[in-house]
Amino acid sequence: MYNYINTLNHNLKRGILRFSEKISKNLTRPQFKFVSNMIYGILSSQSCMLSEISRKLDERTSVKKTIDRLSRNLKEFDNEKELFENYLKSVKSQINDDTILIIDGSDITKEYTTKM
């Protein structure tokens with residue numbers, strides 16, 4: 001059973017990495033790593049809170065330092081349009097006239113908060 005779970009987890013990570021590569025075309029290597037960390041963290045934690053994402057990334061650094069890094073990268077990320085266009089290209093074949101696509105980026109960052 002344990003080997004099955006490890007294999008499933010490895011395959012999931014590999015699939016997320018492949019998807020991240022598709023939507024991160026023409027981004028820098030650090031931006032790609034940030035995007036793949038966020039996708040994996042959001043999917044595995046089932047949350048968009050940086051603290052939950054950081055815990056699921058299970059890095060050797062402290063959770064606080066991981067939160068600081070993700071927060072800084074999120075604040076500095078300026079390729080949203082290119083990322084979104086790459087995403088649409090990758091899912092284009094699965095979208096038809098009956099598809100409803102809703103994306104709400106309002107909760108990702110709050111520029112007027114003093115601590116985030």
| query | Roughly how far, to the nearest 0.5 Å, is CD of E76 from OG of S71? | reply | 9.5 Å
| query | Aromatic rings F77 and F34: how do their planes relate, parallel, tilted or perpendicular, breaks at 30° and 60°? | reply | tilted
| Closest approach of E82 to K25 (non-hydrogen atoms, all atoms of both residues) | OE2-O, 3.4 Å
| request: Report the C-alpha distance between S24 and L83 in whole Å, list the side-chain angles of each, state the deciding distance to 0.1 Å, and finish with yes or no for side chain to side chain contact (heavy atoms under 4.5 Å, CB included). | output: CA-CA 6 Å; S24 297; L83 187 69; 4.2 Å; yes
| message | For N96, is the CG atom crowded, meaning more than 12 foreign heavy atoms sit under 6.0 Å from it? | response | yes
| query | Do R55 and E52 meet the salt-bridge criterion of a basic N to acidic O distance under 4.0 Å? | reply | yes
| request: Give a yes or no on whether a salt bridge exists between D68 and R72, defined as a side-chain N under 4.0 angstrom from a carboxylate O. | output: no
| query | Which atom names give the shortest non-hydrogen contact between S54 and I67, and what distance separates them? | reply | OG-CG1, 3.2 Å
| For R14, does the CZ atom sit with more than 12 other heavy atoms under 6.0 Å from it, leaving out its own atoms? | yes
| Quick check: are there more than 12 heavy atoms from other residues, nucleotides or ligands sitting under 6.0 Å from CZ of F19? | yes
| request: Return each pair, listed once, that meets side-chain hydrogen bond (donor to acceptor under 3.5 Å, both in side chains) where at least one residue sits in residues 32-46; pairs must be two or more places apart or across chains. | output: none
| request: Mind listing the closest non-hydrogen atom pair of Q94 and T99 along with its distance? | output: O-OG1, 4.0 Å
| query | So do the side chains of L88 and K92 get within less than 4.5 Å of each other, counting heavy atoms only? | reply | no
| query | Can you check whether V35 reaches E21 side chain to side chain, under 4.5 Å on heavy atoms? | reply | no
| said: Ignoring hydrogens, what is the shortest heavy-atom contact between S90 and I23? Give both atom names and the distance. | reply: OG-CG2, 3.8 Å
| task | Quick one: do R69 and L57 satisfy side chain to side chain contact (heavy atoms under 4.5 Å, CB included)? Show the steps, please. | result | CA-CA 12 Å; R69 177 181 56 84; L57 291 177; 4.2 Å; yes
| request: For the residue pair N86 and L27, establish whether any side-chain heavy-atom pair is separated by less than 4.5 Å. | output: no
| field | L50 side, atom CG; I42 side, atom CD1 - distance, nearest 0.5 Å | value | 8.5 Å
| said: Membership question, hydrophobic clusters at under 4.5 Å side-chain separation (ILVMFWY): are I95 and F84 in the same one? | reply: yes
| query | Could you state the interatomic distance from CD1 (I53) to CE (M38), rounded to the nearest 0.5 Å? | reply | 4.0 Å
| field | Same apolar cluster (I L V M F W Y, side chains within < 4.5 Å links), L74/V63 | value | yes
